[in-house]
Number of protein chains: 2
Amino acid sequence: MKPPTVYDVAAHAGVSIATVSRVLRRPDDVRASTRAHVLAAVRELGYVPSASARSLAARRTGVLGLYFPGFDAMEELDDAEFNQSEPVNVIVDMPDSGEVRPPNLYFDEVLRGSELEAWRRGFALLVGVGRGSNPEEMVSDIAGRVDGMAVLARSVPDELLVHISRRIPVVLVAGPRRGDNFDHVSVSNVEGMRALTEHLVDRHGVRAPVFIAGPADSPDDAERYEGFVQALASRDIDAAALPLLRGDFSRLQARSIAEDLVAGGGALPRAVVCSNDQMALGVLDVLRRRGIRVPEDVIVTGFDGIEAGRQSTPRLTTVHQPMVDLGRAAVRAMLSRLDNREQPPISLRLPVQVLLRESSEGSA
Amino acid sequence: MKPPTVYDVAAHAGVSIATVSRVLRRPDDVRASTRAHVLAAVRELGYVPSASARSLAARRTGVLGLYFPGFDAMEELDDAEFNQSEPVNVIVDMPDSGEVRPPNLYFDEVLRGSELEAWRRGFALLVGVGRGSNPEEMVSDIAGRVDGMAVLARSVPDELLVHISRRIPVVLVAGPRRGDNFDHVSVSNVEGMRALTEHLVDRHGVRAPVFIAGPADSPDDAERYEGFVQALASRDIDAAALPLLRGDFSRLQARSIAEDLVAGGGALPRAVVCSNDQMALGVLDVLRRRGIRVPEDVIVTGFDGIEAGRQSTPRLTTVHQPMVDLGRAAVRAMLSRLDNREQPPISLRLPVQVLLRESSEGSA
DNA sequence: GCATGGAATGTATGCGCTTACACTCGTCCT
DNA sequence: AGGACGAGTGTAAGCGCATACATTCCATGC
């Protein structure tokens with residue numbers, strides 16, 4: 001009834017457990033005929049090695065962990081809604097049913113990159129998305145199960161990270177670099193926004209762009225603004241003198257910000273530079289509704305490179321972040337440290353791409 | 001240098017390892033003062049329990065597994081492209097740069113649902129996406145690490161599944177029900193397509209819709225076609241007499257199918273019913289280019305409910321599958337079986353939603 | 001004063017595997 | 001012929017924890 005173990009296989013094949021283990025780990029160390037017997041026994045018994053025992057004995061789990069902070073929205077699904085019985089439900093779906101999907105896409109891609117790289121290197125991937133309750137517990141749980149883990153942004157208190165990193169390599173993904181003791185992988189926020197802004201100044205003669213920022217506590221936002229400032233400074237423009245509007249990265253809030261901007265009565269800015277794509281899309285929504293032409297009247301740019309920005313009309317000029325590569329790089333960093341725990345902390349910056357599209361360049 | 005163990009903590013706190021273990025597992029069985037000492041030691045030493053040892057001793061891992069078949073495309077990223085150094089790269093992104101993202105979205109959502117449900121029930125989630133080489137190996141690997149696993153569609157040979165299910169519960173997600181021995185979770189493909197088709201006949205007077213099918217070996221496609229046929233039959237229409245075009249679920253191929261259809265010279269069909277959204281979008285592409293009005297001249301419908309169908313113009317009428325719920329249901333099925341391994345096989349069909357949008361209903 | 005019993009803690013075993021080391025044979029060399 | 005040696009296999013010692021069982025402690029009751 002209970003799952004078979006090495007002992008069962010060994011007995012069934014008439015060999016010792018060591019031999020069974022060898023057949024599975026280093027087949028070449030075993031004579032071909034013995035190997036065949038053992039494999040036959042494995043098949044007959046339905047033997048699957050226990051990774052727990054294996055990990056314990058080998059002192060490594062062969063698993064890497066990935067932890068994301070949760071987006072609060074939509075996570076609190078309750079159990080009730082689950083038991084409806086009608087197999088079909090016909091609904092007239094109105095156009096403005098709101099945004100269904102939060103920008104998790106970001107995570108999905110990082111996840112996909114990590115997953116890909118991990119398995120390719122012979123590791124399995126354990127995923128955890130922090131939800132309301134007690135992220136610390138979940139992180140510790142993951143930490144106990146893996147050989148190394150990646151943590152997104154500032155989702156975990158430093159203290160815990162230090163605690164965990166005494167046991168396994170921890171790499172921070174995106175967000176700010178914390179202390180100088182963790183490996184860190186992120187994207188070139190500053191350079192990306194700088195290059196985009198310089199383009200606007202140099203090619204489109206923009207002298208007084210409006211910047212729509214994200215939450216004040218977002219390190220990514222801060223870096224992007226920094227790039228914006230640098231670009232202008234290098235063109236002898238003082239960014240501090242320009243309007244800075246603060247949003248929360250959401251499309252919805254960006255809409256009301258844009259409304260205010262447009263309703264202000266004053267002249268429209270030549271360009272609106274947004275700290276992420278969602279907000280830029282919100283701005284586009286408003287301009288379209290008001291009949292203001294993009295990019296002829298106002299240029300709009302975003303940051304992230306999400307799919308929706310490629311589907312909008314006009315398509316959104318933006319800075320594309322290599323999310324998949326981020327995930328892959330995180331895994332590589334872990335493995336690299338696993339390889340040599342003494343090496344100095346790694347801090348990797350992945351390159352970004354400025355994608356010039358119709359929201360700034362006009363249509364073809 | 002090595003990570004601290006229970007023994008270290010016990011020594012440091014002046015208690016036995018059993019007490020340390022208890023403090024962590026059932027804190028109430030230990031006197032408050034002792035507990036405090038132990039916890040202090042844990043903190044000082046940076047102790048994190050080894051899940052391997054824990055699982056081995058407790059005979060359960062607390063992890064659930066999820067295995068997806070891989071989409072061949074895009075998975076074969078090579079290592080080289082990874083070492084470019086320029087932090088920014090400015091690119092003029094032309095409109096028809098093709099489809100970047102394959103419809104993995106499907107998986108992303110199932111994954112999110114599983115992840116959510118698993119953690120909520122106190123389990124971690126291990127993810128594996130099959131890539132070209134040897135899915136069997138990966139599946140076995142996962143199987144050894146978890147208490148139960150979910151496998152998507154027909155991505156794994158039956159033989160292996162049987163082998164594995166001798167050790168842990170296996171639940172099949174989507175795809176056909178195989179044998180009657182596995183738990184199975186899927187969506188109401190038949191009913192969904194049937195309801196949609198009936199709507200077209202009853203409300204729009206469609207009498208001879210064209211069906212664009214997916215790959216012949218896709219069980220989902222077969223079920224959808226079945227629903228299509230049933231709906232027509234119930235309205236006294238013989239589906240067998242109607243044209244059935246076979247695509248491969250891709251947008252690209254659907255375009256050429258649509259081209260043929262339009263170029264055929266004959267009258268346009270009143271409606272084109274597609275077996276998935278991607279293909280429906282391909283059809284929309286062609287009709288738009290040809291200046292054929294949707295839905296006035298031709299009604300187009302899809303199946304899946306992907307995000308892109310909500311972004312298209314006109315927005316796509318489709319049948320929405322509850323992918324997140326699929327993932328959640330899979331986890332529930334595993335746990336249910338874990339709870340009672342003797343219960344009869346579960347086969348769950350999740351309800352779908354027919355979303356009527358402008359590609360069939362006209363604009364508001 | 002001592003027996004009694006529950007609460008708190010310690011002792012010892014085993015979970016299923018890897019692996020260092022020991023052992024057994026042929027084979028080849030001298 | 002005797003020994004050296006390497007390939008193939010077995011023996012046994014953990015890996016870090018949970019837990020059944022044994023032990024100790026202390027408050028009660030008589």
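Naming: A, B, ... by sequence-line order, numbering from 1 per chain. Values below: all heavy atoms of this structure, side chains included; hydrogens, waters and symmetry mates excluded. In this text, all values refer to a predicted model and were calculated from it rather than measured experimentally.
- Whole-Å rounding puts the A/Arg145 CZ to D/dC15 P distance at 22 Å.
- Between B/Arg25 and D/dA18, a side-chain N or O to OP1/OP2 separation shorter than 4.0 Å is present.
- A salt bridge links B/Asp141 with B/Arg145; the closest basic N to acidic carboxylate O contact falls under 4.0 Å.
- Projected onto DNA chain C by closest heavy-atom contact, A/Arg59 and B/Arg22 fall at different nucleotides, the more 5' of which corresponds to B/Arg22.
- Contact annotation: A/Arg54 reaches the phosphate of C/dT18 (side-chain N/O to OP1 or OP2, under 4.0 Å).
- If you check every strand for non-hydrogen atoms under 4.0 Å, A/Ser55 touches nothing.
- Nucleic acid contact class of B/Val30 (heavy atoms, under 4.0 Å, all strands): sugar-phosphate only.
- In this structure, B/Asp29 atom CG and C/dG10 atom P are separated by 14 Å, rounded to whole Å.
- For B/Arg337, the salt bridge (Lys or Arg N to Asp or Glu O under 4.0 Å) partners two or more places apart in sequence, or in a different chain, are B/Asp183.
- Using a 4.0 Å heavy-atom criterion, one finds that A/Val15 contacts the sugar-phosphate atoms exclusively.
- As a whole-Å value, the separation of B/Arg26 CZ from C/dA8 P is 12 Å.
- Regarding contacts with the backbone of C/dC17, a side-chain N or O of A/Tyr47 is found under 4.0 angstrom from either OP1 or OP2.
- Remark: B/Ser50 is not in phosphate contact with D/dC17, judged by side-chain N or O atoms under 4.0 Å from OP1 or OP2.
- When the side-chain nitrogen and oxygen atoms of A/Ser16 are compared with OP1 and OP2 of D/dG10, one or more of them lie within a distance under 4.0 Å.
- Between A/Thr19 and D/dG10, a side-chain N or O to OP1/OP2 separation shorter than 4.0 Å is present.
- Applying the 3.5 Å distance criterion, the base of C/dC15 shares no donor-acceptor pair with the side chain of A/Tyr7.
- For the pair B/Thr34 and C/dT9, the criterion of a side-chain N or O lying under 4.0 Å from OP1 or OP2 is met.
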